[in-house]
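Computed over heavy atoms, backbone and side chain alike; hydrogens, waters and symmetry mates excluded.
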Amino acid sequence: MSLPLNTISRYFLSVYLANFLRVIIGLTLVIILIDTVEISRRASSIADFTLVDIAALAALRAPSFLETNVPFVVLFAAMMTLLALNKRQELVITRASGMSAWQFIAPLCLGSILIGVVAVSVFNPLTTYTLKKADDIQIKIGLLAPRNGNSVPWFRQITEDGTLVVGAEQSTSAGTILGKPSFFFFDPAGNPIQRVDAETGQLVDGNWVLKKASIYRLGSDVEQVAEFVTPAAIDKNLLGQTLATPETISFFGLSNSIESARAFGLPDAPYSMRWHSLFALPALLVAMTLIAATVSLKFARFGQSSAAILGGVLAGFLLYVVMAMAKALGGSGVVAPVISAWLPVIAASFFGVTFLLHREDG
């Protein structure tokens, strides 16, 4: 597929990127609006949490939702571009000038590659940063929900005084900040000593610092303290591998997480799957562009079939579902992550190319 960056190609590329920005901006506003309403409902009982704070929190959470929906944004932006060019008869004029369909699809594919590269190298680190800030705020005010349903992260650390078992409803910042943690202390013989529940917990200078803690001891009344400090005899990297989710680690930090997981004898499949998924994102966006082209190149004088356009949307959604299933299989280690990440993308690309070859070249 040749890609001459002539005036027409640059024009198609600029129209496509402009449509992409329009869809992104519109989707961002919708996400912030809906999330603001949802956070307002959940935070209605929290004092001193104003509407400005709620909107700021929704804005911090928005990039993580956008990152998930980038393939759909590309699909709709490509369809909008080709349908608009077709409606204005610009594609007809382009064909009459001697350019094939492949040549005016190529700038859109180039734009998708550029979007994918920026999404991975710039937007993904920004997303992980804003998600961390949002999680920190939600833990402090008690709004963060467990990421894995009702599952609670637990880990154990051995000290000179016995064993400490730690559990928490939520965690962020690679496990160094805990929401609603519970600390169970046992002596060397395995007998329970005390239990400490707190609103928040944070790893600071080798110690666990628990805020608004309740201390339970056998035969004693509950003791309420503003702060409870206990040594943290656990490796910070191991803690991060145990509690951090791949979505909270940027693309450039996933390689270290994979190596750390292997060094600690922990499963590295979730981190490998996340890395390969991000690495394959530009190719996935090109596949979405090809799917959009299969339903958007019909001459305007024949009319754009609503069924064909709906078919393109359903095809993109089907690819997204297949990708989600592949991620689940790759993240659990059932299928090799590299296969789970790339096989659906390659299959979708071949489908788009084959369909266009059949339509354009017979």
> Assess whether atom CZ of Phe279 is packed by more than 12 heavy atoms of other residues, nucleotides or ligands within 6.0 Å.
no
> Is there side-chain contact between Leu13 and Val15, with heavy atoms separated by less than 4.5 Å?
no
> Less than 4.5 Å apart, any side-chain heavy atom of Ile34 and any of Glu38?
no
> How long is the span from the CG atom in Asn19 to the OG atom in Ser14, to the nearest 0.5 Å?
9.5 Å
> Please round to the nearest 0.5 Å and tell me the distance separating atom CZ of Phe72 and atom CG of Leu319.
8.5 Å
> Assigning hydrophobic clusters by single linkage (Ile, Leu, Val, Met, Phe, Trp, Tyr; side-chain heavy-atom cutoff under 4.5 Å), is Leu278 placed with Val322?
no
> With clusters defined by side-chain heavy atoms of hydrophobic residues (ILVMFWY) lying less than 4.5 Å apart, directly or transitively, does Val70 cluster with Val30?
no
> How long is the gap from CD1 on Ile113 to OG1 on Thr289, to the nearest 0.5 Å?
9.0 Å
> Show your reasoning for whether side chain to side chain contact (heavy atoms under 4.5 Å, CB included) applies to Val73 and Ile115.
CA-CA 11 Å; Val73 174; Ile115 292 170; over 6 Å; no
> Taking the ring centre of each residue, are Tyr271 and Trp275 less than 6.0 Å apart?
no
> Specify the closest pair of heavy atoms between Tyr11 and Leu85, including all atoms of both residues, with the distance to one decimal.
CE2-CD2, 4.0 Å
> What I'd like to find out is whether the side chain of Pro63 reaches to under 4.5 Å of the side chain of Phe123, using heavy atoms alone.
yes
> Identify the two heavy atoms, one from Leu281 and one from Pro71, that lie closest to each other, and give their separation to 0.1 Å.
CD1-CG, 4.4 Å
> Any sub-3.5 Å donor-acceptor pair from Asp53's side-chain atoms to Thr50's backbone N or O?
yes
> Within a strict 4.5 Å, meaning less than it, do heavy atoms of the Asn69 and Leu27 side chains meet?
yes
> Examine the side chains of Ser112 and Tyr16 and answer whether a donor and an acceptor come within less than 3.5 Å of each other.
yes
> Given 3.5 Å as the limit, does a donor-acceptor pair link the side chain of Asn207 with the main chain of Val209, or not?
no
> Is there a side chain to side chain contact (heavy atoms under 4.5 Å, CB included) between Val345 and Met323 once you walk through the steps?
CA-CA 8 Å; Val345 175; Met323 289 290 297; 3.9 Å; yes
> Between Pro246 and Leu254, what is the shortest heavy-atom contact and its length?
O-CD2, 4.1 Å
> Determine whether Leu210 and Val229 make a side-chain contact, defined as any pair of heavy atoms from C-beta on separated by less than 4.5 Å.
no
> Starting from Leu318, can I reach Leu329 by hopping between I/L/V/M/F/W/Y residues whose side chains sit under 4.5 Å apart?
no
> Using the salt bridge (Lys or Arg N to Asp or Glu O under 4.0 Å) rule, collect all pairs that involve residues 273-293, keeping only residues at least two apart or in two chains.
Glu67-Arg274
> Within a strict 4.5 Å, meaning less than it, do heavy atoms of the Thr248 and Leu131 side chains meet?
yes
> Under 3.5 Å, is there a donor-acceptor pair between the Ser250 and Asn124 side chains?
no
> Using side-chain heavy atoms (C-beta onward) and a distance below 4.5 Å, is Arg61 in contact with Thr130?
no
> Is the closest side-chain heavy-atom distance between Ser340 and Met273 below 4.5 Å?
yes
> In terms of hydrophobic clustering (I, L, V, M, F, W, Y; side-chain heavy atoms under 4.5 Å; direct or indirect links), are Ile32 and Phe65 co-clustered?
no
> How far apart are the closest heavy atoms of Ser214 and Val222, and which atoms are they?
CB-CG1, 4.1 Å
> Take a 6.0 Å sphere around CG of Asn191 and say whether it holds more than 12 heavy atoms from other residues, nucleotides or ligands.
yes
> Which pair of non-hydrogen atoms, one from Thr128 and one from Glu247, has the smallest distance, and what is that distance?
CG2-O, 3.7 Å
> Looking at CG of Asp35 and CG of Leu60, how far apart are the two atoms once the value is rounded to the nearest 0.5 Å?
10.5 Å
> Answer yes or no: is there a donor N or O on one side and an acceptor on the other, between the side chain of Ser220 and the main chain of Tyr216, under 3.5 Å?
no
> How close do Phe252 and Val120 get, counting heavy atoms only, and between which atoms?
CE1-O, 4.3 Å
> Let me see the working for Met288 and Met79 under side chain to side chain contact (heavy atoms under 4.5 Å, CB included), right down to the final yes or no.
CA-CA 10 Å; Met288 285 292 191; Met79 291 179 65; over 6 Å; no
> For Phe317, does the CZ atom have more than 12 heavy-atom neighbours from other residues, nucleotides or ligands under 6.0 Å away?
no
> Would you please say whether a donor-acceptor pair under 3.5 Å links the side chains of Ser182 and Asp197?
yes
> OG1 of Thr28 to CG of Leu33: how many Å apart, nearest 0.5 Å?
12.5 Å
> May I ask you to decide if Phe351's main-chain N or O and Thr354's side chain share a donor-acceptor pair within less than 3.5 Å?
no
> Mind checking side chain to side chain contact (heavy atoms under 4.5 Å, CB included) for Gln194 and listing every partner two or more places apart, or none if nothing turns up?
Phe185, Val196, Ile215, Arg217, Phe228
> How many angstroms lie between CG in Leu178 and OG1 in Thr200, if you round to the nearest 0.5 Å?
9.0 Å
> Report whether Val117 and Trp342 are members of the same hydrophobic cluster (ILVMFWY, side-chain heavy atoms less than 4.5 Å apart, transitive linking).
yes
